[in-house]
Student: 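Just dropping this structure here.
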Amino acid sequence: MLKRYRYRAYPTGEQQHALSQLFGCCRVVFNDALAARESARRACRPIPSKGELSAALTAAKTTPERAWLAEVSSVPLQQSLADLHRAYANFFDSRTGKRKGRKVGAPRFKKRTHRQSARFTRNAGVGVLEPGGGSGFVRLPKIGRVRYESSRPLPVDPSSVTVIREADGRHYVSFVVDEPVPVVVLPESASARCAGIDVGLTDLAVIVYDDGTREKIDNPRWLRSKERGLARAQRAYSRTMKGSRNRDKARRRVAVTHRKVRETRWDHHHKLALRLVRENQAVALEGLSVAGLARTRVAKSVHDAGWSTLTRLIVEKAARYGAVVHTIGRWEPTSQVCAGCGVQDGKKPLDVRVWVCPSCGLVLDRDYNAAVNVLLAAGLVERVNACGGSVRRVLACADPVKQEPAEQTAPSGGAA
Ligand SMILES: [Zn+2]
């Protein structure tokens, strides 16, 4: 299984300079090749092949305008061309439907102010040294030995190393290693439970367990709380003059705010995903179309909650800890069916948090009810029933105290 290990790198001033030059060269090679393809397409000439573009790069190194390309390692430049081919292949595959998922756009020109990267393969003469103590060194041709902070040692020699400079100016090294997935076997008793998860906007996740317990994980909305700071940074950025030093500084501040949001979100997701696969034998999830939802009006909240990341992390961690993940169909009407009696009550607007089943009169919490339905749809129904017939009613109802049909039909307040 291919895995990525990413560490923060601390190049010296001199190395930063050399890296800058390398990033610039990779960007120019990518952009030149993109321009060559695009002009060929516009002129209705045949698209230059991989070999032709590679030959054009070699030829460019001998011209005075591009002679500086010869000053850096040639491997990342070739990798840059490979990236362009991959980008085109993804774009065409996406257009013809060969590639599933979100639509992929045509490759675009790389900018100096965005994230920069250069990839070295194993045969480029890359060496990794990890003396321990949290320090690591990677030897890169024509750059030197770059120090990075190693939080855990690489299991095997990496097949490639990518050096990255993020928009906020931080450097990272990202190693690709091929390692077998170690399955951590947990004690039997610790993971006999099953969990059904419904992800939402009001709460990040609503979880029900087949032992009759349930919980709501709050959606922290980091982005919303940091939005004012971000807006201020962006305003300051837009007021600066193009090409000025202050503009560069302001751009970096915007990037730093974005990074902080990203890191906090990741931390939260990792912890939640780990807890779920550690404490449960099986986890049932809904296969959501995040790309579809993100185009609607709730887009910002959807991206903020980072559903797809959470789902991916649960799947990855489950493989490692030997838990089973059940993904149920996207079109399963989990929020329309009463988990108590199975009656389908039709679609409900998003603001309906609590509803009463017309058939059995159970007062249902929209999110808990959906989570129970996820659990049931995943085929874990026997397990739920084994704990007593009323367990699903308890799990799905709006107020655990009122298990029996409630008198009032218009419950006040939202879901607690
Ligand atoms: Zn019912």
Side-chain angles (χ1 to χ4, degrees), residues 2-11 16 19 23 102 111 113-119 130 134-136 138 146-154 158 161-177 197 199-201 203-205 217-237 248-278 288 290-291 294 298-318 320-321:
L2 290 181
K3 276 196 78 178
R4 249 177 208 292
Y5 285 71
R6 180 177 148 124
Y7 301 117
R8 177 125 187 239
Y10 298 88
Q16 283 184 29
L19 282 171
F23 292 143
R102 193 167 48 94
K111 280 177 128 180
T113 50
H114 289 179
R115 174 188 199 263
Q116 304 287 310
S117 72
R119 188 169 64 247
E130 288 185 328
S135 252
V138 58
V146 178
R147 188 175 74 82
Y148 63 88
E149 207 137 84
S150 160
S151 48
R152 62 175 146 171
L154 296 173
V161 183
T162 309
V163 201
I164 300 152
R165 189 179 69 209
E166 292 286 357
D168 63 359
R170 287 191 174 187
H171 288 81
Y172 296 88
V173 281
S174 175
F175 300 99
V176 173
V177 296
I197 306 170
V199 284
L201 294 178
D203 302 279
L204 173 64
I217 309 289
D218 194 26
N219 188 355
R221 304 181 191 217
W222 308 274
L223 199 57
R224 288 290 157 87
S225 62
K226 294 217 160 118
E227 214 165 41
R228 271 181 58 206
L230 192 60
R232 200 180 314 126
Q234 271 162 343
R235 262 197 314 273
Y237 171 68
D248 250 19
K249 276 192 259 175
R251 178 182 53 74
R252 196 164 285 196
R253 268 194 292 272
V254 173
V256 166
T257 316
H258 275 301
R259 173 175 51 79
K260 284 185 178 162
V261 172
R262 193 168 61 232
E263 284 176 347
T264 328
R265 178 189 297 161
W266 259 70
D267 186 55
H268 190 262
H269 282 174
H270 269 281
K271 283 174 182 157
L272 176 60
L274 185 61
R275 182 162 73 82
L276 281 170
V277 299
R278 265 196 173 148
L288 279 167
V290 175
V298 289
K300 208 172 212 171
S301 307
V302 172
H303 284 310
D304 196 2
W307 290 350
S308 49
T309 313
L310 181 63
T311 315
R312 184 173 58 81
L313 288 175
I314 290 172
V315 172
E316 278 175 15
K317 287 185 198 294
R320 174 166 275 199
Y321 287 92

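In what follows, residues are counted from 1 in the order of the sequence shown.
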Student: Using a strict cut-off of less than 4.0 Å between a Lys/Arg side-chain nitrogen and an Asp/Glu carboxylate oxygen, indicate whether Arg6 and Glu166 qualify as a salt bridge.
Tutor: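 Counted as a salt bridge, because a side-chain N and a carboxylate O are separated by less than 4.0 Å.
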Student: Is Thr162 close to Tyr172 at the side-chain level, that is, under 4.5 Å between some pair of heavy atoms?
Tutor: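 Not touching, per the 4.5 Å side-chain cut-off.
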Student: Identify the residue among His269, His270, Arg265 that makes a side-chain contact (heavy atoms from CB on, under 4.5 Å) with Leu310.
Tutor: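 Testing each of His269, His270, Arg265 against Leu310, the sole residue satisfying side-chain contact (heavy atoms from CB on, under 4.5 Å) is His269.
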Student: Which heavy-atom pair separates Pro11 from Gln16 by the least distance, and what is that distance?
Tutor: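 Nearest heavy atoms, Pro11 then Gln16: O-NE2, 3.3 Å.
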Student: Within this structure, what is the CD-NE2 distance for the pair Gln116 and His114, rounded to the nearest 0.5 Å?
Tutor: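 The NE2 atom of His114 is 9.0 Å from CD of Gln116, to the nearest 0.5 Å.
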Student: Could you check whether Arg252 pairs with Asp248 (Lys NZ or Arg NE/NH1/NH2 to Asp/Glu carboxylate O, under 4.0 Å)?
Tutor: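 Not counted as a salt bridge, because no side-chain N and carboxylate O are separated by less than 4.0 Å.
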Student: If you compare all heavy atoms of Ala205 against all heavy atoms of Leu272, which two are closest, and at what distance to 0.1 Å?
Tutor: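 That would be CB-CD2, 4.5 Å.
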Student: Can you name the closest pair of heavy atoms from Arg147 and Ser135 and give their distance?
Tutor: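 Reported closest heavy-atom pair: NH1-OG, 3.9 Å.
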Student: Any side-chain heavy-atom pair from Ile197 and Ile314 closer than 4.5 angstrom?
Tutor: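 Of all side-chain heavy-atom pairs linking Ile314 with Ile197, at least one is under 4.5 Å.
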Student: Less than 6.0 Å separating the ring centroids of Phe175 and Tyr148?
Tutor: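 Judged by ring-centre distance (under 6.0 Å), Phe175 and Tyr148 do meet the cut-off.
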Student: Looking at side-chain heavy atoms only, is the closest gap between Arg119 and Val176 below 4.5 Å?
Tutor: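 Arg119 vs Val176: side chains apart.
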Student: For Pro153 and Glu130, which heavy atoms make the closest approach, and how far apart are they?
Tutor: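 Minimum heavy-atom contact is CA-OE1, 3.4 Å.
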Student: In Å and rounded to the nearest 0.5 Å, what is the CZ to OH distance from Arg170 to Tyr10?
Tutor: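 The OH atom of Tyr10 is 7.0 Å from CZ of Arg170, to the nearest 0.5 Å.
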Student: Give me the atom names and distance for the closest heavy-atom approach of Leu230 to Val254.
Tutor: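 Closest heavy-atom pair between Leu230 and Val254: CD1-O, 4.0 Å.
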Student: Working to the nearest 0.5 angstrom, can you tell me the gap between Ser117 OG and Phe23 CZ?
Tutor: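 Reported value, rounded in 0.5 Å steps: 7.0 Å.
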Student: Is it true that, when you exclude Lys3 itself, more than 12 heavy atoms of the residues, nucleotides or ligands shown sit nearer than 6.0 Å to its NZ?
Tutor: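 Result for NZ/Lys3: enclosed.
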Student: Just verifying a value: how many Å separate Arg275 CZ and Ile217 CD1, rounded to the nearest 0.5 Å?
Tutor: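 Arg275 atom CZ to Ile217 atom CD1 measures 4.5 Å (nearest 0.5 Å).
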Student: Ignoring hydrogens and angles, tell me if any N or O in the side chain of Arg251 forms a donor-acceptor pair with the backbone of Ala167 under 3.5 Å.
Tutor: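 Present.
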Student: Please round to the nearest 0.5 Å and tell me the distance separating atom OH of Tyr7 and atom CD1 of Ile164.
Tutor: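 Here the interatomic distance stands at 13.0 Å.
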Student: Got a second to check how far Glu263's CD is from His268's NE2, nearest 0.5 Å?
Tutor: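 So the gap between those two atoms works out to 15.5 Å.
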Student: Does some side-chain heavy atom of His171 sit less than 4.5 Å from a side-chain heavy atom of Leu19?
Tutor: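 Yes. Closest side-chain heavy atoms under 4.5 Å.
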Student: Can you find a heavy atom in the side chain of Thr257 that is under 4.5 Å from one in the side chain of Gln234?
Tutor: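 Of all side-chain heavy-atom pairs linking Gln234 with Thr257, none is under 4.5 Å.
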